[in-house]
Amino acid sequence: MSLRHALLGLLAGGPASGYDLLGTFRTTLANVWPANQSQIYTELTKLDAAALIRVAAEGPRGRKTYEITDEGRTELRHWLLETTPSGYRRNDVLLRVFLLGAVEWHEARAFLRERGEVMTARLAGLRELDAAMDWGDDPLSVYGRLTLEWGKRFAAMQAEWSEWAEKEIAGAQAAAGEQGTRPDAGPGTDASAPTRAGAPPIAP
């Protein structure tokens with residue numbers, strides 16, 4: 001996803017100023033695609049120059065209201081329906097999990113425990129946001145609610161997975177302690193070395 005297409009998508013729902021769009025990013029898109037004021041205004045300038053949006057009106061203090069053009073709608077539709085989402089090809093959390101064998105058992109478990117706490121807190125925040133929203137039948141409400149629900153379920157899954165993963169490491173630690181060796185011990189391995197967390201393979 002790009003900021004360009006996020007702005008085109010929002011403007012497809014109706015004209016808006018940079019200030020209006022910033023407010024939407026802070027409330028609705030904060031957990032999906034965060035963007036700050038300078039990024040939004042810079043991208044609006046680029047979209048205007050590319051004729052994908054245009055200034056619909058100008059108000060006091062240089063306030064501009066933008067609207068999407070036909071070319072912008074074509075670009076948005078192409079991106080939505082004709083390009084393949086990249087998904088989560090890079091995930092720094094899973095990369096760290098894969099490399100947890102480089103730290104001590106208790107450090108690996110603490111990392112996962114903290115991740116679980118973070119995701120539990122995020123889930124609580126998303127639930128509060130859901131309860132505070134005045135959902136309607138307009139497209140922004142319909143699809144915004146779908147997006148928020150995905151965030152809630154994803155956070156819940158990550159919290160549950162973190163708890164499970166910590167227990168898995170505890171089991172591996174206990175087994176290694178009984179054997180007196182690290183799980184990956186092989187020829188030439190110092191069996192007396194401190195046990196460390198072994199990282200499971202990452203599924204492609």
Side-chain angles (χ1 to χ4, degrees), residues 1-96 115 118-119 121-159 202 204:
M1 178 180 176
S2 70
L3 178 57
R4 160 176 290 217
H5 295 104
L7 291 170
L8 287 175
L10 292 177
L11 290 174
S17 67
Y19 181 81
D20 296 330
L21 294 167
L22 177 61
T24 301
F25 270 87
R26 285 176 172 172
T27 57
T28 307
L29 289 174
N31 295 291
V32 178
W33 197 263
N36 59 41
Q37 181 175 339
S38 62
Q39 290 172 326
I40 290 174
Y41 280 91
T42 298
E43 194 60 44
L44 286 173
T45 300
K46 293 179 181 179
L47 289 170
D48 188 17
L52 298 179
I53 65 173
R54 59 173 168 252
V55 176
E58 293 193 40
R61 297 183 297 279
R63 178 187 176 98
K64 297 179 180 179
T65 298
Y66 296 91
E67 63 182 6
I68 192 169
T69 62
D70 291 340
E71 291 83 356
R73 290 185 184 277
T74 299
E75 167 62 21
L76 177 62
R77 180 179 177 83
H78 168 73
W79 178 78
L80 282 171
L81 303 177
E82 299 173 13
T83 62
T84 302
S86 60
Y88 293 94
R89 299 188 64 180
R90 291 184 177 180
N91 187 314
D92 68 327
V93 173
L94 286 183
L95 178 59
R96 294 175 196 224
R115 290 305 308 167
V118 167
M119 298 317 301
R122 180 172 299 179
L123 176 59
L126 292 175
R127 284 173 172 167
E128 290 180 4
L129 177 61
D130 189 7
M133 293 295 292
D134 184 17
W135 300 113
D137 296 326
D138 58 287
L140 186 58
S141 289
V142 172
Y143 297 108
R145 188 176 186 185
L146 293 181
T147 305
L148 182 58
E149 182 63 25
W150 183 93
K152 287 162 53 182
R153 296 188 185 200
F154 189 49
M157 180 278 292
Q158 291 183 87
I202 295 179

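Throughout, numbering of the chain's residues begins at 1 and tracks the sequence.
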Check the pair Phe25 / Leu7 against side-chain contact (heavy atoms from CB on, under 4.5 Å), numbers first and verdict last. CA-CA 9 Å; Phe25 270 87; Leu7 291 170; 3.6 Å; yes
Minimum heavy-atom separation for Ile68 and Ala12, please, with both atom names. CG2-CA, 4.0 Å
Which donor-acceptor pairs under 3.5 Å do the side chains of residues 50-62 make with protein atoms, sequence neighbours left out?
unit_1, atom_1, unit_2, atom_2, d
Arg54, NE, Glu67, OE2, 2.7
Arg54, NH2, Glu67, OE2, 3.4

Ionic contact status for Arg145 with Glu149, cut-off 4.0 Å: no
Which pair of heavy atoms, one from Leu44 and one from Gly18, lies closest together, and at what distance? CD1-CA, 3.8 Å
Might you point out which heavy atoms bring Gly136 and Ser141 nearest each other, and give the distance in Å? N-OG, 3.1 Å
Heavy atoms of Pro15 and Thr65 approach each other most closely as CB-CG2, 3.7 Å
Report the C-alpha separation of Asp20 and Leu10 in whole Å, then their side-chain angles, then the decisive distance to 0.1 Å, and conclude whether the side-chain contact (heavy atoms from CB on, under 4.5 Å) test is met. CA-CA 10 Å; Asp20 296 330; Leu10 292 177; over 6 Å; no
Check whether any side-chain N or O of Tyr41 sits under 3.5 Å from a backbone N or O of Tyr19 as a donor-acceptor pair, and report yes or no. yes
Using side chain to side chain contact (heavy atoms under 4.5 Å, CB included) as the criterion, point out the one residue from Arg122, Arg127, Met157 that pairs with Lys152. Arg127
Run the salt bridge (Lys or Arg N to Asp or Glu O under 4.0 Å) test against Asp138 and tell me which residues pass, sequence neighbours left out. none
Specify the closest pair of heavy atoms between Leu22 and Ala35, including all atoms of both residues, with the distance to one decimal. CD1-O, 4.2 Å
